[in-house]
Amino acid sequence: MGEKSVFDSQTNIITDAVVFEEDYTPDEIYCRDEMKTEYVQILRPIYKGRPPKNAFLYGDTGVGKTAVTKFLLEKLADDLEKKHGEQTITANNLSILSSEFPEPHTVASGENADLTVVQLNCQNLPTKGEKGTSYQVAVALVNQFLSEEDELSTTGHAPQAIYNRLYKEIDRLGGTILIILDEVDAIGDDDTVLYELPRSRADGKISEARIGVIGISNDYTFQQNLSPKVQDSLCEREIRFPAYGADQLATILRERVDVGLIEGSYSESSLAIIAALARRDSSGSARKAIDILQKAAEIAEDRGKEEITEAFAREAFEEIRKDELIEDIKQQDAHKLNALNALAEAHRLDKVPIRKKTLHSTYSKIVEDNGNKPIAVRSFHNHLNRLVMFGLVNEVTENRGKGGGRYNVYELSQEMTPQAVNKAINETDDISWVDVTYIKDV
DNA sequence: CGTCCACAGGAAGAAAAGGGCA
DNA sequence: TGCCCTTTTCTTCCTGTGGACG
């Protein structure tokens, strides 16, 4: 009898971890029948070799927008292949639909690709975290068509040159080109890309290819803020994805556990709890529900238990929330981390709702101690505002009237703790300027 | 009811960081 | 190499304002 490896847990209830992964596509997508029907109508022209339609999808994160997209596109690719035989190509790797770093574009047989799908996440395109602009989207699109060595830099080009290049690449490919812009609301006010793309053929900028644009957004209001010309072209068709209800989430979970977990390791009621937790916390995100499920299963394994109990589900939920928080903090840039650092220190010293001015001087001290130059109060103010928008920091406006004036005070938001800030900063290894011992000393 | 504090946050432009092109 | 782009961030300057005080 072989000795058990220390890496093995006492029990194994997960049989196939694939079902938890982001890009797992189930055999069937549940509870999205109406959306699927509408979506099929949008894609149908492509199957028939007619000019594609543009569309706009919206709904909160994790309600199946990308899942349905991926599911239907794979099906479309299959069916096209069946229809035309092997050599009329279904083009570009659909797997990029969910991978963060798309592989270079590969069109199997060159010239006559029938359908090319390009997917792009418009969020966090350029410098970390901030808004992607039309320009950035255009650059990123061009890069999707180029091999890795040839990729363009994200700055330094004349905008018109980028658009021209984009048209050139598109025309070179020819055929039907379906451009999927995920998180399209990140584009912000300047929507030239959204205007240019759908009309490029009509404007004579391209002649060989036909372009379809599908915009995906989780901001309901985004589409209303678009300029009317863009609304006309892009929002030809729109599909709304409502949030999953708790029972629908449970259905989705049931499908996953069927494939991925040992029978008997879960009960209807524990699935229901997970569904309810996800429903409440994230307004119906399937992603969230699946994450909780995975975590709960892992916890059960670690404890040597054979069943996911309600307690494990709740524990998993809490743990995931904590992890997410740390992740959120880690994503902030240097100035914001230092601001959080200073704020955490204020918490430790119990000077909790702290005025911006005071906070700024603490911040300056930290930065200077590490040999860097602090930014001016006005910029600091902007960073703080950002943190407030991210929900990491609370802001309250105080008004002491004549003789006191009006000012804002800040503190870490409810779920934030100085420990969380500390942990996040410690885990951020690309910022040597944060001297953690300094915080401990003061 | 007007005063007046102390800042909020807009505007404009300078600076920094990245890069093309001849 | 020098000069030209771009985007984004930071600075400087400034006007606007909620409401307790008198």
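Quantities reported herein were computed from a predicted structural model and do not represent experimental measurements.
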Going by an N to O cut-off under 4.0 Å, is there a salt bridge joining [X] and [Y]?
X	Y	result
A/Glu398	A/Arg406	no
A/Asp291	A/Arg287	yes
A/Glu427	A/Lys423	yes

Does [X] have a side-chain nitrogen or oxygen under 4.0 Å from the phosphate oxygens OP1 or OP2 of [N]?
X	N	value
A/Lys356	B/dA8	yes
A/Ser379	C/dT11	yes
A/His383	C/dT9	no
A/His381	C/dC10	no
A/Asn399	B/dC5	no
A/Lys402	C/dG19	no

Can you tell me which nucleotide in C/dC10, B/dC7, B/dA8 comes closest to the side chain of A/Tyr410? B/dA8
May I ask you to check if A/Arg400 and A/Tyr407 form a cation-pi contact, with NZ or CZ under 6.0 angstrom from the six-membered ring centre and within 45° of the axis? no
Spacing of [X] atom [atom1] relative to [N] atom [atom2], expressed in whole Å:
X	N	atom1	atom2	value
A/Glu395	B/dC7	CD	P	14 Å
A/Arg406	B/dA6	CZ	P	13 Å
A/Met389	B/dA8	CE	P	16 Å
A/Ile375	B/dA16	CD1	P	15 Å
A/Asn372	B/dA16	CG	P	15 Å
A/Tyr407	C/dA20	OH	P	12 Å
A/Phe380	B/dC7	CZ	C1'	15 Å
A/Glu398	B/dA8	CD	P	12 Å

Regarding A/Thr251 and A/Tyr244, is there a side-chain donor-to-acceptor distance under 3.5 Å anywhere? no
Using a 4.0 Å heavy-atom cut-off across all strands, classify A/Asn382 as base, sugar-phosphate, or nothing. nothing
Can you find a donor-acceptor pair, distance only, under 3.5 Å between A/Arg378 side chain and B/dG9 base? yes
Below 3.5 Å, does any donor atom in the side chain of A/Arg400 face an acceptor in the base of C/dG18, or the other way round? no
Please compare A/Gly404 and A/Asn385 by the position of their nearest nucleotide in DNA chain B and report the one closer to 5'. A/Gly404
